[in-house]
Amino acid sequence: MSSSPKSPTMRTRLTLALALATLSTASLAQSTAYPGVGRPATPKEVAAWDIDVRPDFKGLPKGSGSVAKGQDVWEAKCASCHGVFGEANEVFSPLVGGTTADDVKTGRVAKLLDPTFPGRTTLMKVSSVSTIWDYINRAMPWTAPKSLSTEEVYGVTAYLLNMGGIVPDNFVLSDKTIAEAQARMPNRNGMTTDHAMWPGKGIGHNKPDVQAKACMTDCAPEAKVSSFLPAFARNNHGNLAEQNRLVGPQRGADTTQPEGSAPAKAAPAAAPKADAGAAAALALINKHTCVACHGVESKLVGPGFREVSKKVAGKADAVDYLTAKIKAGGVGVWGQIPMPAQTLPDADARAIAQWIVDGSKK
């Protein structure tokens, strides 16, 4: 039995076909808006990036984590950089300190107005729990961002707030209780939008608090501010051109030459023979972000690789020793800045260790 053009079945099919044609046309229009440049993101791709949490807690995933759970995670994954009590190390700023029980009551941190107080901790400045939760979720731990589970993020956030005296020892932070923690943030009332840096209805004033008027006549001469480095101090830290990281656009000046002079041209040298092992090791230290803390020839956060090469030179078990140190991390051998444990494969750790023992060749 055939369907009439006016039957419900036929009308449904025609409507569906028209809708598909419309979607296809819209998709084609989007993909040709910028010919040869990408494609529209799919809803699934957008959702994967859409992980931010707003101050009104929109975007916060369901879940929970206790202060006790957070302490376990903190000691395993956070304390090496941020200190056992949030006091941090030589590289990172303290997270905890500078707030009082009165600040929790008033929502304004008194020491922010004290010019004699030596520093500004995270809990002194941040006004919203969502900022802390969001940052931990997307960026921590430093060596493995986005690796914490939702429960771990809730727990670490709860433990951090507990160290600051904001929530009690038995507190369980969750999408249901986060508003309770927010109501006790020491600097919750210390932020304002009255500056109108973000103009808009409902966001402070609609106009900025300054009126800029262009000078047209009898204008004051433009101030010229400049600074310079004395010639005797130019090379105090060694030739900067030789201390470039292996990643990024930074290019240091040749500080062995006077400022403004053309770079010294080295005599042409015979092309070195390709070292497959060195090339592979250099690729590994970039892949595993070792260069974020170590230069090849000079110290960054941690020692330069060639410094390590000299220190272990002549040791029979140098490769085994360095492999273990890379995997386990540690502190004290090169100062008080700790190196977190690394999660790279054993084979990669051993290849890097062998490269260091062989002299950290480029």
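Remember, it's a predicted structure, so these values are computed and weren't measured experimentally.
Residue Ser64 comes nearest to Glu151 through the heavy atom pair O-CG, 3.3 Å, listed as atom of the first residue, atom of the second, then distance.
Rounding to the nearest 0.5 Å places CD1 of Ile132 at 5.5 Å from CG of Leu160. Note: Asn187 CG to Arg120 CZ = 10.5 Å, rounded to the nearest 0.5 Å. The CD1 atom of Ile352 sits 12.0 Å away from the CD atom of Gln354 when rounded to the nearest 0.5 Å. The OG1 atom of Thr157 lies 11.0 Å from the CZ atom of Phe171; values are rounded to the nearest 0.5 Å. Here Cys290 contributes atom SG and Met339 contributes atom CE; the two are 8.0 Å apart, rounded to the nearest 0.5 Å. Between Asp169 atom CG and Ser66 atom OG the span is 11.0 Å, to the nearest 0.5 Å.
Using a 4.5 Å heavy-atom cutoff, the side chains of Met163 and Leu123 are not in contact. Counting heavy atoms from C-beta outward, Ser128 and Met185 have side chains that stay 4.5 Å or more apart. Counting heavy atoms from C-beta on, the side chains of Lys287 and Asp348 come closer than 4.5 Å. Counting heavy atoms from C-beta on, the side chains of Pro141 and Leu148 come closer than 4.5 Å. Proximity of Ser130 to Tyr135: side-chain heavy atoms (C-beta onward) are nowhere separated by under 4.5 Å. Annotation: side chain of Val308 is in contact with side chain of Leu322 (closest heavy-atom distance under 4.5 Å).
Classification of Lys315 and Asp317 as a salt-bridged pair fails, no side-chain N sitting under 4.0 Å from a carboxylate O.
Under the 30°/60° scheme for interplanar angles, the aromatic rings of Phe305 and Trp355 are found to stand perpendicular. Aromatic ring pairs are classed by plane angle as parallel below 30°, tilted from 30° to 60° and perpendicular above 60°; the pair Trp142 and Phe92 is perpendicular.
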In sequence, state the C-alpha distance, the side-chain angles, and the governing distance for His294 and Glu307, and then conclude on side chain to side chain contact (heavy atoms under 4.5 Å, CB included).
CA-CA 10 Å; His294 303 277; Glu307 292 180 80; over 6 Å; no
Verdict with reasoning, Asp134 to Arg54, per salt bridge (charged side-chain N to carboxylate O under 4.0 Å, His left out)
CA-CA 8 Å; Asp134 183 79; Arg54 301 191 332 187; over 6 Å; no
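The hydrophobic cluster around Phe85 extends to Val84, counting ILVMFWY residues whose side-chain heavy atoms fall within less than 4.5 Å of a member. Hydrophobic cluster membership of Leu112, counting Ile, Leu, Val, Met, Phe, Trp and Tyr whose side-chain heavy atoms lie under 4.5 Å apart directly or via other members: Val109, Phe117, Met124.
Cation-pi geometry between Lys69 and Tyr154 is not satisfied (NZ or CZ under 6.0 Å from the ring centre, within 45° of the ring normal). Stacking of Lys146 on the aromatic ring of Trp49 is recorded, both the 6.0 Å distance cut-off and the 45° axial limit being met.
Side-chain atoms of Thr255 come within 3.5 Å of backbone N or O of Gly238 as a donor-acceptor pair. At distances below 3.5 Å, not a single donor-acceptor pair connects side-chain atoms of Thr121 with backbone N or O atoms of Gly98. A donor-acceptor pair under 3.5 Å is formed between the side chain of Arg234 and the backbone N or O of Gln257. Side chain of Arg306 to backbone of Ser360: a donor-acceptor contact under 3.5 angstrom is found. Side chain of Asp175 to backbone of Leu60: no donor-acceptor contact under 3.5 angstrom is found. A donor-acceptor pair under 3.5 Å is formed between the side chain of Arg188 and the backbone N or O of Ala183. Put simply, the side chain of Thr177 gets close to the backbone of Val172: a donor and an acceptor are under 3.5 Å apart. A donor-acceptor distance shorter than 3.5 angstrom exists from the side chain of Gln342 to the backbone of Pro340, with no hydrogens or angles considered. Counting only distance, with no hydrogens or angles, the side chain of Gln182 and the backbone of Val129 share a donor-acceptor pair below 3.5 Å. With Glu75 contributing its side chain and Gly70 its backbone, the two residues share no donor-acceptor pair below 3.5 Å.
Hydrophobic clustering of Ile, Leu, Val, Met, Phe, Trp and Tyr side chains at less than 4.5 Å, counting indirect connections, unites Tyr321 with Leu344.
For residues 101-113, the side-chain hydrogen bond (donor to acceptor under 3.5 Å, both in side chains) pairs, not counting sequence neighbours, are Thr100-Asp103.
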